[in-house]
Amino acid sequence: MLRVRATTAVKVGTIRPEQLKVSPVTFSTREQRMVLATEMDSSTPESAFDLSRYLVEQKKAIDVALDSALPVIYPEQIYEAMRYSLLAGGKRLRPILCLASCELAGGTTSMAIPTACALEMIHTMSLIHDDLPAMDNDDYRRGKLTNHKVYGEDIAILAGDGLLTYAFEFIATKTQNVPPHLVLQAIAHLARASGAAGLVGGQVVDLESEGKTDVSLETLNYIHAHKTGALLEACVVCGGILAGASAADLQRMSRFAQNIGLAFQIIDDILDITATQEELGKTAGKDVQAGKVTYPSLWGIDESRRQATQLVADAKSQLEAFGSKALPMLGIADFITSRSN
Ligand code: GRG
């Protein structure tokens, strides 16, 4: 059992993927669905914080919220395709980060749950499109056939489009107990992170770099700060915005997220080399096969791991001012480097 104490540095052992693959539980009322199981007791800073339990319970609650967010209606095929990928599993790291940052900034999980769901919808959309033959061309994702392999390319493209647009509708219509100007601010931040200034831009430079062996570290950093980092940053910052965090706190949270975003990608590149298809739930070894420039190809595995560890340490130092309230965020940061998928 993982235990984190406020008095010591957050230490995380290996959380096995199966620990995060839990069956959804059923909540009887809408309100219960919105209130997540684990909340930090910030009044008792000495209390132990059980990170693995926290991650499992948050994932469970997010899976339930996502399931109820997207019912199947006419035309059924598109809703089924959207649900196929949205409910296919995944670590739910992005929504977990959003809920944790909202709480860190003094908000509640119920204020942030629609945005947390929307973040997972946008992330899933980006995976569906990334897997298409015109992009990364993969047959497996989250341990299952990719969306286009099941529904065809036309429906997979539309399933992504449906998830992307519904994400914003969901935040705008379902967020409660947050002043409207803050909801608008969160929507604007998330839209920017998803578009050409974020994910889309990162994906474009990634596609442009394909087949090149002279991609610079600067370009690699650009790709991943946008393709992977922008959405992770939006998770943390949107949680803070919804809670009404000050500009100074939002800046700390943003710097924390940018550091863990890059660390996340470095570990992703390492796992592509060291993990199996079963562990990853998608084709392993694709980067090497494609001759792609990655962090391990530039630095080697050991140096890449050292850089990721340093980024996580820098990230955690940004949250010192929050004291024990930051324990879940610190734990999540450590999970990024200790994860096995
Ligand atoms: C968002 C408008 C819009 C377009 C998307 C296709 C595209 C443009 C961008 C690609 C973005 C992409 C696939 C980045 C990779 C990010 C990444 C490391 C994904 C893996 O995340 P995990 O490990 O996956 O959290 P799970 O399955 O656990 O959620």
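If you read the sequence from its start, that first residue is 1, and numbering goes on from there. Counting starts at 1 for both ligands and their atoms, in listed order.
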Practice task
With heavy atoms of Leu164 as the reference, note each atom of ligand 1 found under 4.0 Å away.
Solution key: 2 (C)

Handout entry: Closest contact, heavy atoms only, Phe256 versus Ala315
Key = CD1-O, 3.2 Å

Problem - Partner residues of Asn221 under the side chain to side chain donor-acceptor pair (under 3.5 Å) criterion, sequence neighbours left out - result: Tyr295

Handout entry: Gln203 and ligand 1 - part of the residue with a heavy-atom distance under 4.0 Å
Key = side chain

Exercise for the section: Starting from atom 12 (C) of ligand 1, find the nearest protein heavy-atom neighbour and note its residue, name and distance. Expected result: Lys227 CE, 3.7 Å

Exercise for the section: Assess the side chains of Asp138 and Thr283: does a donor N or O sit below 3.5 Å from an acceptor N or O? Expected result: yes

Problem - Atom pair CG/NE2 of Leu232 and His123 - distance to nearest 0.5 Å - result: 8.5 Å

Handout entry: Residue pair Ser68 / Pro71: nearest heavy atoms and the distance that separates them
Key = O-CD, 4.1 Å

Completion exercise
among protein heavy atoms, the one nearest atom 22 (P) of ligand 1 is Lys91 NZ, 3.4 Å

Practice task
Please examine the side chains of Lys91 and Ile96, heavy atoms only from C-beta on, and report whether any two atoms are closer than 4.5 Å.
Solution key: no

Exercise for the section: Consider every N or O of His123 and every N or O of ligand 1, then say whether any pair is closer than 3.5 Å. Expected result: yes

Handout entry: Between Asp314 and Gln310, a side-chain donor and acceptor under 3.5 Å
Key = yes

Practice task
Please report the shortest heavy-atom distance between Ala321 and Arg252, naming the atom on each side.
Solution key: CB-NE, 4.3 Å

Handout entry: Cation-pi, Tyr166 ring and Arg83 (6.0 angstrom, 45 degrees)
Key = no

Exercise for the section: Answer with side chain, backbone, both or neither: which part of Asp136 has a heavy atom less than 4.0 angstrom from an atom of ligand 1? Expected result: neither

Problem - atom 6 (C) of ligand 1: the protein heavy-atom neighbour that sits closest, reported with distance to 0.1 Å - result: Ser126 O, 3.5 Å

Practice task
Using a strict cut-off of 4.0 Å, indicate which atoms of ligand 1 neighbour a heavy atom of Ser194.
Solution key: 1 (C), 2 (C), 3 (C)

Exercise for the section: For residues Phe322 and Ala326, report the shortest heavy-atom separation together with the two atoms involved. Expected result: CB-CB, 4.0 Å

Practice task
Decide whether the shortest distance between a heavy atom of Arg94 and an atom of ligand 1 is less than 4.0 Å.
Solution key: yes

Practice task
Show which atoms of ligand 1 fall inside a sub-4.0 Å distance from at least one heavy-atom site of Asp268.
Solution key: 18 (C)

Fill in the blank from the handout: Numbered in order shown, the ligand 1 atoms found under 4.0 Å of a heavy atom of Met125 are 1 (C), 2 (C), 3 (C), 4 (C)

Problem - Per-atom contacts of ligand 1 with Leu199, taking only distances under 4.0 Å to non-hydrogen atoms - result: 1 (C)

Handout entry: Thr228 to ligand 1, any heavy atom closer than 4.0 Å
Key = yes

Handout entry: Per-atom contacts, ligand 1 versus Val200 - under 4.0 Å to a heavy atom
Key = 2 (C), 3 (C), 4 (C)

Completion exercise
Under 4.0 Å from one or more heavy atoms of Arg142, ligand 1 contributes atoms 26 (P), 27 (O), 29 (O)

